[in-house]
**Q** 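Attaching a single structure in structure tokens format; questions to follow.
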2 protein chains.
Amino acid sequence: MARRNDHSREELKELALTAGEQLIDEEGIHALSARKIAQRIGYSAGALYLVFTNLDDLCWHINGRTMAMLNTLLSAQIEQEKVNRPPQEALRLIAKTYLNFSAEWPNRWALMFEHHTPESIICPDWLIHAVNQLFGFVQAPLRQLAPNVNDESLQLAVRTLWCGVHGIAALSSRGKLFLEGDQTDALIDNLLTHYLTNWIQESTNEQFV
Amino acid sequence: MARRNDHSREELKELALTAGEQLIDEEGIHALSARKIAQRIGYSAGALYLVFTNLDDLCWHINGRTMAMLNTLLSAQIEQEKVNRPPQEALRLIAKTYLNFSAEWPNRWALMFEHHTPESIICPDWLIHAVNQLFGFVQAPLRQLAPNVNDESLQLAVRTLWCGVHGIAALSSRGKLFLEGDQTDALIDNLLTHYLTNWIQESTNEQFV
DNA sequence: TGACTTATTAAACGCTGTTCATTATATTTA
DNA sequence: TAAATATAATGAACAGCGTTTAATAAGTCA
């Protein structure tokens, strides 16, 4: 067969990505295969290579969409809850949104962190951009909490907190490695409370030194 | 060929695991394959199935050895530095040892977290045991810092800190996602200092409430 | 209607994990 | 020593994988 033109290139791309995401959601990241995606969208496996350079490329695209999802979710929530919420609450909200996201989409979330392109791991521009946007969400409330803190300290705090929350998500996502019941919220609260209390204290003192 | 008896079953197992680890170290976790391991040890691929149920099983064994390595490393360091080191320093040492380990063996470390057995992810007993041992390393200095804190709070603190350090290791290991230069040590110090300062304060107050 | 163009495929290649009948060797028995 | 037995290990097979590309069916135009 040839020349069906049922779908444009862009539509084909969209179909493939959606099918890939469904496959990942339903069967896990190791179930992702060119032939399975193709079967789901009624094309041959070779057709995928008309719109993606390879399966790696397709994964990067899925990751881009996952990242966009997360960003959209976070900015929507932040926008919505902006009504003079104390910054600590804003940070808590961000952390829990991230955690919920990782729990709701465990496989897509896993793909983001477990899909290493084999050779040199070149970080695409859009990813750097998206990560910076995520950091921005955390940075704003932190700055409110300590308006005069220097940029370096602020940057460090953003990353420390992000790593902390990510670690909670990572270890609780797959591993039933510890704690009975879902105590992830308690972990988040614990981390934020203790870290922030001292960080605010130190950061507001700092300016008078 | 048959019946060479060059190696006992136990020796064959050991050979295969070592070859697998080397392969992972040199070429990454996706390069691991039965045929490649077999070639390295001068056996056929089928021979591996005489000592492992499948490649998944082999991975679990490698992960077990990696975990043992980490545990040995930590307990050796803790033993060595025991001479009245302040507990904060002990915690810092543990964190940095963990981080160094993940940097020194990035691929074996990745295998531990990225090797999900497809179907039900059953956590083997030895892993639960090993993880508890790791938690024990953190728990001891924490208890020194707040001798009268209740068990639940202590357990929570152990896990919060572990997740935090793990998050730093995870995000800095692959991702050049942020920060120029190796600022992982700064992140560790930042996390521990702020978290612990307030945690100690709260935990010592707690007993008088 | 016939020539041209092109979207899509089917088959091929070399790889993968895994199984199992076959085989070559070691050991035991006669 | 020779024959019988037991078994360590293999090699071929199967189904599936990512990827490439010659072949083909269908749309377009003269």
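Keep in mind that this is a model prediction, so the values were computed, not measured. Numbers restart at 1 for each chain; the letters A, B, ... are given by sequence-line order, proteins then strands.
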**Q** Using the side-chain contact (heavy atoms from CB on, under 4.5 Å) criterion, which residues pair with Thr97(B)? Sequence neighbours excluded.
**A** Leu73(B), Leu74(B), Gln77(B), Leu93(B)
**Q** Let me confirm one number: the CG-CD distance from Leu58(A) to Glu21(A), rounded to the nearest 0.5 Å.
**A** 9.0 Å
**Q** Checking His166(A) now: which residues fulfil ring-ring contact (aromatic ring centres under 6.0 Å, His included) with it, not counting sequence neighbours?
**A** Trp109(A), Phe113(A)
**Q** Describe, in one word, how the ring planes of His30(A) and His116(B) are oriented to each other, choosing from parallel (under 30°), tilted (30 to 60°) and perpendicular (over 60°).
**A** tilted
**Q** Under 4.0 angstrom, heavy atoms only, what part of the nucleic acid is Ile37(B) near: base, sugar-phosphate, or nothing?
**A** nothing
**Q** Figure out the CG/P separation between Asn5(B) and dA24(C), and round it to whole Å.
**A** 18 Å
**Q** For the pair made of CG in Leu48(A) and C1' in dT21(D), what is the distance, rounded to whole Å?
**A** 16 Å
**Q** How close or far is atom C1' of dT16(C) from atom CG of Leu55(A), stated in whole angstroms?
**A** 15 Å
**Q** Counting only side-chain heavy atoms from C-beta out, which of dA9(D), dT19(D), dT8(C) sits nearest to Arg4(B)?
**A** dA9(D)
**Q** Once you round it to whole Å, what is the distance between P of dC17(D) and CG of Leu32(B)?
**A** 20 Å
**Q** Hey, which sits more toward the 5' end of DNA chain C by its nearest nucleotide, Ala47(A) or Ala31(B)?
**A** Ala47(A)
**Q** Distances under 3.5 Å only, N/O to N/O: pair up the protein atoms with those of nucleotides 13-15 of chain C.
**A**
none

**Q** Do His115(A) and Asp56(A) come close enough that some side-chain heavy atom pair is under 4.5 Å?
**A** yes
**Q** Where the side chain of Tyr43(B) is concerned, which of dT10(D), dT9(C), dG18(D) is the nearest nucleotide?
**A** dT10(D)
**Q** In terms of relative ring orientation, are Phe101(B) and Trp105(B) parallel, tilted or perpendicular, with 30° and 60° separating the classes?
**A** tilted
**Q** Counting only side-chain heavy atoms from C-beta out, which of dA8(D), dA7(C), dT18(C) sits nearest to Arg9(A)?
**A** dA7(C)
**Q** Indicate yes or no: does Asp185(B) engage Arg92(B) in a salt bridge with an N to O separation below 4.0 Å.
**A** no
**Q** How many whole angstroms separate atom NE2 of His30(A) from atom C1' of dG18(D)?
**A** 16 Å
**Q** Mind listing the residues from residues 12-20 of chain B sitting with a heavy atom below 4.0 Å of DNA chain D? Number order is fine.
**A** none
**Q** Output side-chain donor-acceptor pairs under 3.5 Å for residues 38-48 of chain B, partner residues at least two apart or in another chain, one line each.
**A**
residue	atom	partner	partner atom	Å
Arg40(B)	NH1	Glu26(B)	OE1	3.4
Arg40(B)	NH2	Glu26(B)	OE1	2.8
Tyr43(B)	OH	Arg4(B)	NH2	3.4
Tyr43(B)	OH	His7(B)	ND1	3.0

**Q** dT19(D) C1' sits how many Å from Asp56(A) CG, rounded?
**A** 13 Å
**Q** Specify the separation, in whole Å, of atom OH of Tyr49(B) and atom C1' of dA21(C).
**A** 18 Å
**Q** Could you say whether Ser44(B) or Gly46(A) is positioned toward the 5' end of DNA chain D, judged by the nucleotide with the nearest heavy atom to each?
**A** Ser44(B)
**Q** So, using salt bridge (charged side-chain N to carboxylate O under 4.0 Å, His left out) as the criterion, who are the partners of Asp151(A) when residues are at least two apart?
**A** Arg143(A)
**Q** Write down the distance between NE2 (His7(B)) and P (dT7(D)), rounded to a whole number of angstrom.
**A** 21 Å
